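Labels below follow one simple rule: chain letters A, B, ... track the order of the sequence lines, proteins then strands, and each chain is numbered from 1. All of these numbers come straight from a predicted model, not from anything done at the bench.
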Amino acid sequence: MNYQAPRGTYDILPDEISKWHYLENIIRRNAKLFNYKEIRFPIFEKLELFKRGVGETTDIVEKEMYVFKDKKGRIFALRPEGTASIARAYIEHYMTSSQKNPLRLYYFGPMFRYSRPQKGRYRQFYQFGLEYIGSPQPIADAEIIALGMKIYQDAKVPDIKLEINSVGCPICRKEYNTTLKNFLFKDKEKYCSDCQRRMDINPLRVFDCKNDSCQNLLKNAPRMIDNLCTDCDNHFKEVLGLLKKMSVEYNVNPYIVRGLDYYTRTAFEYKIDYLGAQNEIGGGGRYDDLIEYLGGKPTPAVGLSGGLERVILSLDKSKVYIPDEDSLDVLIIPMKYEFICQSIEILQSLHKNDISSIIADSQTSLKNNLKYCDTNKVKFAIIIGEDEVISGKFVVKNIRERSQKKIIISEICDYIFSNLKLV
RNA sequence: GUGGGUGUAGUUCAAUGGUAGAGCACCGGAUUGUGGUUCCGGUCGUUGUGGGUUCGAAUCCCAUCAUCCACCCCA
């Protein structure tokens, strides 16, 4: 084998596509239910957009982007996530009219991050996302969170947990950061080397440490959630209240830190605990300052994104039944190549009636063609041989019932059409 | 980016440094125009790739590519 898919990428083969359609249909259906409109945006953008939007010091931007130059030396990056592009499009197309706002959008598509592949972690991976732009109100947060949960529940992802936190606004977060740093640096030497490094770069990350002695030291550490300003605190409490009203179960986890800089106030994650290190299948939060920061008018917004392959892995693992897609209606089997004209005639009339059909290879044995019908759940087979051509009556087999009937050519479509519903 | 495991037929897996094998799948026949069972027969490999050690390498060593696990990060 000379060529293989690049590291961290993979092919989705026809046999697996029904899972993807299943999931995409659930997302589309729910998006429609809540009046979210699909948006499609480029797979690459100016590097600057992600640097500014996602945050210069985030891991995503710092070490995980596919960056390239085009022929004129412009620097682009393959998109590592969707929100920055959505904010850009929102500003670029002046999608601000009050008749359309708040604006509800959803998207699907591949994202790219250069990281070491593992199960459930790829370099090209698929995400869906929902964005609710133009409302600062807690009901927007609650709608997004509940809708995400509904999608996972509809898809039958087992044991999904919602964790929620508030990361505050720039003002109270800044204050909190100093408080936390003071607390940490007081006993700096007592922490593990990882934690000491985290203190400088992203102090909130120390809460993720798995080291028991560090956790012990952190017991009395100040938490963001206790240091929110009044507005942020009220906002958070209202979001929680609305979730309760909507019967969405959640756990407040004061240590959720998202890897993208644009989040303000609400931050949340959807988690499962049976996929190893990849326990987060989706997440999101509020990003009230992003659009302004990228050059638009101040516009509050909240959104979420979820990874499709992690959902599919979880469905595989828990053996959730996924219905097969519609199979082929009719296989036309010419016994010899010379009957190809009659085959085409039947094929075209079936297609006119919206009945899916193909002509079998006349070199394959009848036996194998019928086997093909069995394994691929084809509904009918039409056999075309000398007898049929002379008599004008063709054998139409109902594959599942293993029965057959001779029918004149002009009535084949009607016969199959009326029997398809029964199959 | 760091540390470790794995790589053999389409697939799942065998093979003390000494002739590369089995199940499933596939193809053919029993049934010369009729399919899910059964029986019989058959095809399939530069052992991921490239070097090295050895009389001899799937097996040992090095490199490389891919994959998996943990860290990291996140979807």
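Taking side-chain N and O atoms only, A:Arg258 has a distance below 4.0 Å to OP1 or OP2 of B:A75. The side chain of A:Gln278 contributes no N or O atom lying less than 4.0 Å from OP1 or OP2 of B:A75. Here A:Asn279 does not reach the OP1 or OP2 of B:C74: none of its side-chain N or O atoms lies under 4.0 Å away. Under 4.0 angstrom from either OP1 or OP2 of B:C74 there lies no side-chain N or O belonging to A:Arg113.
Judged purely by atom type and a 3.5 angstrom limit, A:Arg113 uses its side chain to pair as donor or acceptor with the backbone of A:Pro80. The closest donor-acceptor contact from the side chain of A:Gln124 to the backbone of A:Pro110 lies at 3.5 Å or more, if one exists at all. With hydrogens and angles ignored, the 3.5 Å screen pairs no side-chain donor or acceptor of A:Asn368 with any backbone N or O of A:Thr364.
Not a single donor-acceptor pair, N or O on each side, falls under 3.5 Å between the base of B:C68 and the side chain of A:Arg116. The base of B:U31 lies outside donor-acceptor range of the side chain of A:Lys367, with no N or O pair under 3.5 Å. A donor-acceptor contact under 3.5 Å is formed by the side chain of A:Gln404 with the base of B:U34. A donor N or O paired with an acceptor N or O is found under 3.5 Å between the base of B:C72 and the side-chain atoms of A:Arg121. For A:Glu62 against B:G1, a side-chain-to-base donor-acceptor contact under 3.5 Å is absent.
Comparing B:A75, B:U67, B:G33 against the side chain of A:Pro117 picks out B:U67 as the nearest. Residue A:Tyr122 places its side chain closer to B:C68 than to any other of B:G33, B:C68, B:C72. Comparing atom distances between the A:Leu370 side chain and each of B:A75, B:G36, B:U34 picks out B:U34 as nearest. Of all nucleotides listed (B:G36, B:U34, B:C69), B:U34 comes nearest to the side chain of A:Lys397.
Comparing the P positions of B:A58 and B:U53 gives a spacing of 16 Å, expressed to the nearest Å.
When the P atom of B:C74 is taken as reference, atom CG of A:Asp59 falls 6 Å away, rounded to whole Å. The nearest whole Å value for the distance from the CG atom in A:Asp261 to the P atom in B:C73 is 14 Å. Per the geometry, NZ belonging to A:Lys63 stands 15 Å off P belonging to B:C71, to the nearest Å. One interatomic measurement links the two molecules: CZ of A:Phe394 to C1' of B:G33, which rounds to 15 Å at whole-angstrom precision. One can place CD of A:Gln118 at 14 Å from P of B:G1, the figure rounded to the nearest angstrom.
Look at A:Glu269 and A:Lys161 and you find no salt bridge, because none of the NZ, NE, NH1 or NH2 atoms lies under 4.0 Å from a carboxylate O.
The shortest distance between side-chain heavy atoms of A:Phe50 and A:Met65 falls below 4.5 Å.
Judged by Watson-Crick or G-U wobble contacts below 3.5 Å, the nucleotide B:U54 has no partner. The nucleotide B:U6 finds its pairing partner in B:A66, both defining distances of the Watson-Crick or G-U wobble pair being shorter than 3.5 Å. Remark: B:U59 base-pairs with no nucleotide; criterion is Watson-Crick or G-U wobble with both hydrogen-bond distances under 3.5 Å. With a 3.5 Å ceiling on both atom-pair distances, the Watson-Crick or G-U wobble partner of B:G21 is B:C13. Look at B:G41: its Watson-Crick or wobble partner, with both distances under 3.5 angstrom, is B:C27.
Residue A:Tyr36 forms a side chain to side chain donor-acceptor pair (under 3.5 Å) with just one option from A:Arg28, A:Glu143, A:Glu131, and that option is A:Glu143.
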